[in-house]
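In what follows, every chain begins at residue 1, and chains take the letters A, B, ... in the order their sequences are listed. What you are looking at is a predicted structure, and each value in this text was computed from that prediction instead of being measured.
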Protein chains: 2
Amino acid sequence: MASLNQIDVLKQQFSDFLRRKKYRITQERINILDRIAEIDDHFSADELYLHMNGQGDKVSRATIYSTLDLLTQCSILTKHRFQGESAHFELSSRMPHHDHLICTECGRIVEFREESIDAIRDRVADRLGFRPLHHSLQIFAVCHSPTTCVHNTSE
Amino acid sequence: MASLNQIDVLKQQFSDFLRRKKYRITQERINILDRIAEIDDHFSADELYLHMNGQGDKVSRATIYSTLDLLTQCSILTKHRFQGESAHFELSSRMPHHDHLICTECGRIVEFREESIDAIRDRVADRLGFRPLHHSLQIFAVCHSPTTCVHNTSE
DNA sequence: GTTCTTGCAAACCCTTTGCACGTCT
DNA sequence: AGACGTGCAAAGGGTTTGCAAGAAC
């Protein structure tokens, strides 16, 4: 869970963004960010919907989707799309950044941290004339012994 | 478009895979691979469906989806998922492998080739006990001058 | 007061599935 | 002959949209 101080910084960042884009600062939008800060993990739109409505915070799915989009636009959230799954989000400040290796035989997902990618990201973005924000690297691979892999369900 | 020779290699590779997995070698599956070899670009399931049915090759969407899945399983095709779009495929042999930078302000996608990622991919996969197949790196960034970017539609 | 946002339900898109028929082995 | 693949249309899941009511400015 983000500290109180971190939450205030995020709210400030979000309000500034909304003002700058001439969007309105509504109770729902602030509430949603507040409740996201309570989750220290990846989450889907529907998980957030259930998290909020299970605790008396009435918000519609339409508002959740729209606010998640705004929070992603201003880089407070990072949006992930693994394989065929629904979109998942996490606070960008939830460091360190990690990437994912996916086994094409059994679908297992392994998280890893590889610092050298950051430098490559920055160098490539600069070369192409962009300011880098973040990245997503997915490595597709198979176990060294796929036939004995405990996760394997394909044959 | 892949050369005649390349197509034969791909067909051989596909037949071997089907036999190994005890799947049947049907006319539809071979036809689909043939028509994919004509496309020198990324394509979606529906684009392939239209490509085939527009030229008298009657194949159902169900068969297209199922065959694309088989072709991805045996690494003849690589499956991409950009942002919220539908899945896109391309021949894995359509080299060199490239990655993508996406502008979060205007959605522009820039392709780039960065060789050093291959070594990182192999090293990470090995460290985690996997045999690397391929990877997908997406860099999210903004133009150095987002307000003057010709692609920008957000303000 | 005007404009934007919300909530609901229906619509939407891409993909998967059930079932009867056809095809591969 | 038997098992598997195909085609169709309908179902499915996640996300977006149209519209009336409500909140922000």
Side-chain angles (χ1 to χ4, degrees), chain A residues 11 14-35 42-54 56-74 77 79-89 107 154-155, chain B residues 11 14-35 42-54 56-74 77 79-89 107 154-155:
Chain A
K11 284 190 189 170
F14 193 29
S15 309
D16 289 350
F17 168 80
L18 293 174
R19 251 188 297 274
R20 181 158 52 83
K21 292 279 193 175
K22 304 241 185 339
Y23 296 140
R24 291 183 178 171
I25 298 174
T26 67
Q27 200 54 58
E28 287 82 355
R29 286 172 177 169
I30 299 301
N31 276 354
I32 288 172
L33 178 51
D34 247 329
R35 298 323 217 55
H42 298 83
F43 60 90
S44 65
D46 210 58
E47 284 163 0
L48 179 59
Y49 174 79
L50 296 174
H51 177 69
M52 296 191 68
N53 286 273
D57 247 333
K58 287 209 185 310
V59 195
S60 71
R61 280 191 173 80
T63 303
I64 299 252
Y65 276 104
S66 131
T67 305
L68 286 175
D69 186 47
L70 292 171
L71 286 165
T72 303
Q73 271 182 48
C74 66
L77 291 182
K79 185 174 184 172
H80 298 285
R81 287 189 161 276
F82 301 126
Q83 303 278 77
E85 294 182 13
S86 59
H88 279 66
F89 301 82
S154 68
E155 42 189 339
Chain B
K11 284 190 190 170
F14 193 28
S15 310
D16 289 350
F17 168 80
L18 293 174
R19 251 188 297 274
R20 183 157 52 82
K21 292 279 194 175
K22 305 243 185 341
Y23 297 139
R24 292 186 177 166
I25 298 174
T26 66
Q27 201 54 57
E28 287 84 355
R29 286 173 177 169
I30 300 301
N31 276 355
I32 288 172
L33 177 52
D34 247 329
R35 298 324 217 53
H42 298 84
F43 61 90
S44 65
D46 210 58
E47 283 162 1
L48 178 59
Y49 174 78
L50 296 174
H51 176 68
M52 295 190 68
N53 286 274
D57 246 330
K58 287 211 185 309
V59 195
S60 70
R61 282 191 172 80
T63 303
I64 299 250
Y65 276 104
S66 134
T67 305
L68 286 175
D69 187 47
L70 292 171
L71 287 165
T72 303
Q73 272 182 48
C74 66
L77 290 182
K79 185 174 186 173
H80 297 285
R81 288 189 161 276
F82 301 126
Q83 304 276 76
E85 294 180 11
S86 60
H88 279 66
F89 301 81
S154 66
E155 42 189 337

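A:Thr63 and A:Ser66 form no side-chain donor-acceptor contact under 3.5 Å, judged by distance and modelled atom types alone.
When distances run from any side-chain atom of B:Ile25 to the nucleotides D:dC8, C:dC8, C:dT25, the shortest one goes to C:dT25. Across D:dC25, D:dG5, C:dT6, the shortest atom-to-atom separation from the side chain of A:Arg29 is found for C:dT6. Side-chain proximity of B:Thr63 to D:dT6, C:dT15, C:dT6: nearest is D:dT6. Here C:dT15 is the nucleotide among C:dT15, C:dT6, C:dT17 with the atom lying nearest to any side-chain atom of B:Arg81.
Of the residues near DNA chain C, B:Gln27 and B:Asp46, the one whose nearest nucleotide (by heavy atom distance) lies more toward the 5' end is B:Asp46. With DNA chain C read from its 5' end, the first of the two nearest nucleotides for B:Ala45 and A:Ser66 is the one closest to A:Ser66. Each of B:Val59 and A:Ser44 lies near DNA chain D, and the nucleotide nearest B:Val59 is the one positioned closer to the 5' end.
For A:Asn53 (side chain) and A:Tyr49 (main-chain N/O), a donor-acceptor pair under 3.5 Å exists by modelled atom type.
In terms of phosphate contacts, B:Thr26 brings a side-chain nitrogen or oxygen within less than 4.0 Å of OP1 or OP2 of D:dT6. Phosphate proximity of C:dT15 to B:Tyr65: present, with a side-chain N or O under 4.0 Å from OP1 or OP2.
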For this session: Evaluate the salt bridge (Lys or Arg N to Asp or Glu O under 4.0 Å) criterion for residues B:Asp69 and B:Lys79: first the C-alpha distance (whole Å), next the side-chain angles of each, then the deciding distance (0.1 Å), finally the verdict.
Result: CA-CA 9 Å; B:Asp69 187 47; B:Lys79 185 174 186 173; 5.4 Å; no
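The distance from atom CZ of A:Arg19 to atom P of D:dA24 is 14 Å, rounded to the nearest whole Å.
For A:Arg24 and C:dT3, a side-chain-to-base donor-acceptor distance below 3.5 Å is present, hydrogens and geometry of angles not being considered.
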